[in-house]
**Student:** 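Here it is: the structure, laid out below.
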Amino acid sequence: MHEYHAVSALVALLQRDPSLAGPEVRVRASPVFCADSLQQAFEMLTADTALAGSRLAVEEMSDRRTCARCGWQSTVSRDDVVGHAVVCPRCGAVSSAEAFAGAGSGIELLAGE
């Protein structure tokens with residue numbers, strides 16, 4: 001579900017500034033996002049808009065975080081993600097993606113790259 005909300009914000013941005021869009025929209029996303037779900041949400045949200053037919057290309061971003069429980073700092077990988085939660089590889093603490101210290105929006109537009 002958070003993929004849908006993230007892509008909704010992205011589509012709103014692209015609709016406000018069409019110069020950022022093209023046949024391929026490139027983003028870098030945290031491992032807490034599923035690339036297939038991002039692409040599916042993009043297709044659904046851009047249907048019947050000026051962005052229809054654009055393709056979303058997703059690269060995985062390096063997502064360095066600190067566990068709120070044990071203080072372990074690590075780069076999150078898909079192996080550390082269960083659903084929309086991040087599991088600390090050191091202590092096993094389960095945190096929402098947003099609860100992990102250092103978490104940002106988790107998705108960034110790669111305009112002009």
**Student:** Kindly determine whether Q39 and V58 satisfy side chain to side chain contact (heavy atoms under 4.5 Å, CB included), including the steps that lead there.
**Tutor:** CA-CA 8 Å; Q39 290 165 338; V58 181; 4.2 Å; yes
**Student:** Let me see the working for V27 and F42 under side chain to side chain contact (heavy atoms under 4.5 Å, CB included), right down to the final yes or no.
**Tutor:** CA-CA 11 Å; V27 296; F42 186 80; over 6 Å; no
**Student:** Could you walk me through whether C88 and C70 pass the side chain to side chain contact (heavy atoms under 4.5 Å, CB included) test, one step at a time?
**Tutor:** CA-CA 9 Å; C88 176; C70 73; 3.7 Å; yes
**Student:** Return the CD to SG distance between Q73 and C67, rounded to the nearest 0.5 Å.
**Tutor:** 11.0 Å
**Student:** Which atom pair, heavy atoms only, marks the closest approach of L38 to A29?
**Tutor:** CD1-CB, 3.7 Å
**Student:** Should M61 and L56 be counted in the same cluster of Ile, Leu, Val, Met, Phe, Trp and Tyr side chains packed under 4.5 Å apart?
**Tutor:** no
**Student:** Measuring from atom NE2 of H5 to atom CD1 of I107, what distance do you get when rounded to the nearest 0.5 angstrom?
**Tutor:** 13.5 Å
**Student:** How many angstroms lie between SG in C34 and CD in Q40, if you round to the nearest 0.5 Å?
**Tutor:** 9.0 Å
**Student:** Test your reading of the model: is there a side-chain donor-acceptor pair from R78 to the backbone of P31, 3.5 Å cut-off?
**Tutor:** yes
**Student:** Has E3 got a side-chain atom pairing as donor or acceptor with F33's backbone, closer than 3.5 angstrom?
**Tutor:** no
**Student:** Yes or no on side chain to side chain contact (heavy atoms under 4.5 Å, CB included) for V81 and V76, after CA distance, side-chain angles and deciding distance?
**Tutor:** CA-CA 8 Å; V81 177; V76 176; 3.9 Å; yes
**Student:** How close do L109 and R26 get, heavy atom to heavy atom, and via which atoms?
**Tutor:** CD1-O, 3.5 Å
**Student:** Name the atoms and distances for all side-chain donor-acceptor pairs under 3.5 Å in residues 11-20, with sequence neighbours left out.
**Tutor:**
{"from": "D17", "atom 1": "OD1", "to": "S19", "atom 2": "N", "distance (Å)": "3.3"}
{"from": "D17", "atom 1": "OD1", "to": "S19", "atom 2": "OG", "distance (Å)": "2.5"}

**Student:** Check whether any side-chain heavy atom of W72 sits under 4.5 Å from a side-chain heavy atom of C91, and report yes or no.
**Tutor:** no
**Student:** If you measure from CZ on R65 to OG on S74, what distance do you get to the nearest 0.5 Å?
**Tutor:** 9.5 Å
**Student:** Which atom pair, heavy atoms only, marks the closest approach of T66 to G71?
**Tutor:** CG2-O, 3.5 Å
**Student:** Can you give me every donor-acceptor pair (side chain of residues 47-55, partner residue at least two apart or in another chain, under 3.5 Å) with its distance?
**Tutor:**
{"from": "T49", "atom 1": "OG1", "to": "T46", "atom 2": "O", "distance (Å)": "2.6"}
{"from": "T49", "atom 1": "OG1", "to": "L51", "atom 2": "N", "distance (Å)": "3.0"}
{"from": "S54", "atom 1": "OG", "to": "G22", "atom 2": "O", "distance (Å)": "3.0"}
{"from": "S54", "atom 1": "OG", "to": "L51", "atom 2": "O", "distance (Å)": "3.0"}
{"from": "R55", "atom 1": "NH2", "to": "E24", "atom 2": "OE2", "distance (Å)": "3.4"}

